[in-house]
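The block underneath contains the structure these notes are about, expressed in C-alpha cells.
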Amino acid sequence: MNLAKLTHTINILLAEDSTSERLFIASLLELLQVEDCNIVLHQCIDGQQALSLCENQPIDLLISDWRMPKLTGIAVCKLLKQTDSPPYILLLTGNNATDALIYALESGADDYLAKPFEPKVLKMRVIAAIRLIKAQQILKAQNNALNQAFHKTQKLLDQKKYELKQAAQLQHALLPDKRFILEN
C-alpha cells in the first residue's frame with residue numbers, strides 16, 4: 001500500500017472574532033483544492049472555543065487571529081504547544097512588526113501572517129502547512145506499520161525461541177545418562 005497516495009483528511013480550525021474576516025477567510029479556505037486531501041473546515045469566534053475544539057477533536061491546522069476575546073491567539077498557541085500532538089498554527093494579526101513576529105514564533109506559532117494579506121499568500125501558506133501535515137501523517141502511518149511489523153516479528157521470534165527450547169529439552173531427554181557413557 002502506498003501511504004503517500006492515500007486521501008488525507010485535514011481538519012482546519014479557523015478562530016476569528018471578526019465575522020466579516022472569518023467569513024472571508026472561510027470562503028478562501030473552502031475554495032482550496034489540495035491533491036489527495038479532504039479538507040474539513042471548523043470555525044469559532046474566540047480563543048476559548050478554539051482551545052475547546054482542539055481538546056475535543058483532532059485539529060491539524062489552526063488559523064487563529066492574535067487578538068480575540070476570552071483567550072488570545074498567543075495564549076491558545078502556548079497552551080496547545082504543551083499537548084502531545086499540537087496542530088500546526090498559523091497566526092494572523094494586524095501587527096507586522098518584527099518583534100511581534102518573533103514573539104509569535106517563540107510562543108509556538110509555526111507561521112505568521114500580517115493583516116491585511118493577499119488571499120494568494122494565505123492560500124500558499126495554508127498549502128505549505130498542509131504539505132507538512134500530510135508528511136507527518138505519512139510518517140506516523142509508516143511508524144505505526146513498522147511498530148506492528150516489529151511486534152509481529154517479535155512474537156514470531158519468541159515463539160521460535162520457545163520451540164527451540166522445547167526441542168533442546170526433548171533432545172536432552174533422549175541422550176543417555178552419563179553413567180552409560182563408555183570411557184576409553
Side-chain angles (χ1 to χ4, degrees), residues 3-4 6-143:
L3 295 173
L6 293 175
T7 298
H8 300 267
T9 298
I10 307 292
N11 286 291
I12 299 176
L13 174 57
L14 173 59
E16 172 62 67
D17 61 315
S18 166
T19 304
S20 60
E21 287 188 43
R22 187 176 62 257
L23 292 174
F24 172 68
I25 295 168
S27 68
L28 294 174
L29 296 172
E30 287 168 353
L31 295 173
L32 199 60
Q33 297 289 321
V34 180
E35 185 179 349
D36 302 326
C37 280
N38 176 28
I39 297 172
V40 179
L41 180 62
H42 309 272
Q43 300 179 45
C44 63
I45 60 170
D46 63 51
Q48 190 62 49
Q49 283 184 353
L51 187 60
S52 179
L53 271 166
C54 288
E55 290 171 348
N56 294 316
Q57 62 187 21
I59 297 296
D60 301 301
L61 170 58
L62 170 62
I63 301 171
S64 178
D65 187 21
W66 182 320
R67 291 183 180 90
M68 291 185 293
K70 298 185 182 177
L71 212 54
T72 67
I74 288 289
V76 172
C77 186
K78 287 178 178 180
L79 290 168
L80 288 175
K81 289 302 176 170
Q82 295 174 15
T83 63
D84 290 336
S85 55
Y88 184 98
I89 299 174
L90 171 58
L91 204 58
L92 305 175
T93 183
N95 188 347
N96 64 359
T98 302
D99 289 343
L101 165 67
I102 291 168
Y103 181 66
L105 295 175
E106 287 177 342
S107 297
D110 297 295
D111 200 357
Y112 178 95
L113 188 58
K115 298 177 190 176
F117 53 81
E118 282 289 323
K120 290 178 185 178
V121 173
L122 175 66
K123 176 184 172 186
M124 294 315 299
R125 298 270 179 101
V126 170
I127 288 172
I130 288 172
R131 281 190 208 125
L132 288 172
I133 293 164
K134 281 174 56 176
Q136 288 174 337
Q137 288 178 349
I138 290 167
L139 287 173
K140 186 176 181 180
Q142 288 172 338
N143 191 39

Are the side chains of [X] and [Y] in touch, meaning some heavy atoms are under 4.5 Å apart?
{"X": "Leu61", "Y": "Pro87", "result": "no"}
{"X": "Leu79", "Y": "Leu51", "result": "yes"}
{"X": "Leu29", "Y": "Ile63", "result": "yes"}
{"X": "Asp17", "Y": "Asp46", "result": "no"}
{"X": "Asn11", "Y": "Leu13", "result": "no"}
{"X": "Val126", "Y": "Leu28", "result": "no"}
{"X": "Asn95", "Y": "Arg67", "result": "yes"}
{"X": "Leu80", "Y": "Ile59", "result": "no"}

Self-check item: Over 12 non-hydrogen atoms of neighbours within 6.0 angstrom of NZ in Lys115
Solution: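 Yes, the 6.0 Å shell around NZ holds more than 12 heavy atoms from other groups.
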Exercise. Please list all pairs passing the side chain to side chain donor-acceptor pair (under 3.5 Å) test where one or both residues lie in residues 80-90, with sequence neighbours left out.
Key: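 Side chain to side chain donor-acceptor pair (under 3.5 Å) check on residues 80-90 returns Lys81-Asp110.
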Quiz item: Got a donor-acceptor contact below 3.5 angstrom from the Ser52 side chain to the Gln48 backbone?
Solution: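 Pair absent, no side-chain N/O of Ser52 close to backbone of Gln48.
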Quiz item: Going by an N to O cut-off under 4.0 Å, is there a salt bridge joining Arg22 and Asp65?
Solution: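 A salt bridge is absent here (no side-chain N lies under 4.0 Å from a carboxylate O).
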Exercise. Go through the structure and list residues passing side-chain hydrogen bond (donor to acceptor under 3.5 Å, both in side chains) with Asp60, not counting sequence neighbours.
Key: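 Partners of Asp60 under the side-chain hydrogen bond (donor to acceptor under 3.5 Å, both in side chains) test: none.
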Quiz item: Which residues satisfy the side-chain hydrogen bond (donor to acceptor under 3.5 Å, both in side chains) test with Thr98, sequence neighbours excluded?
Solution: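 Thr98 satisfies side-chain hydrogen bond (donor to acceptor under 3.5 Å, both in side chains) with no other residue.
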Quiz item: Of Lys134, Gln136, Gln137, which meets side-chain hydrogen bond (donor to acceptor under 3.5 Å, both in side chains) against His8?
Solution: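 Going through Lys134, Gln136, Gln137 one by one, the side-chain hydrogen bond (donor to acceptor under 3.5 Å, both in side chains) with His8 is satisfied by Gln137 alone.
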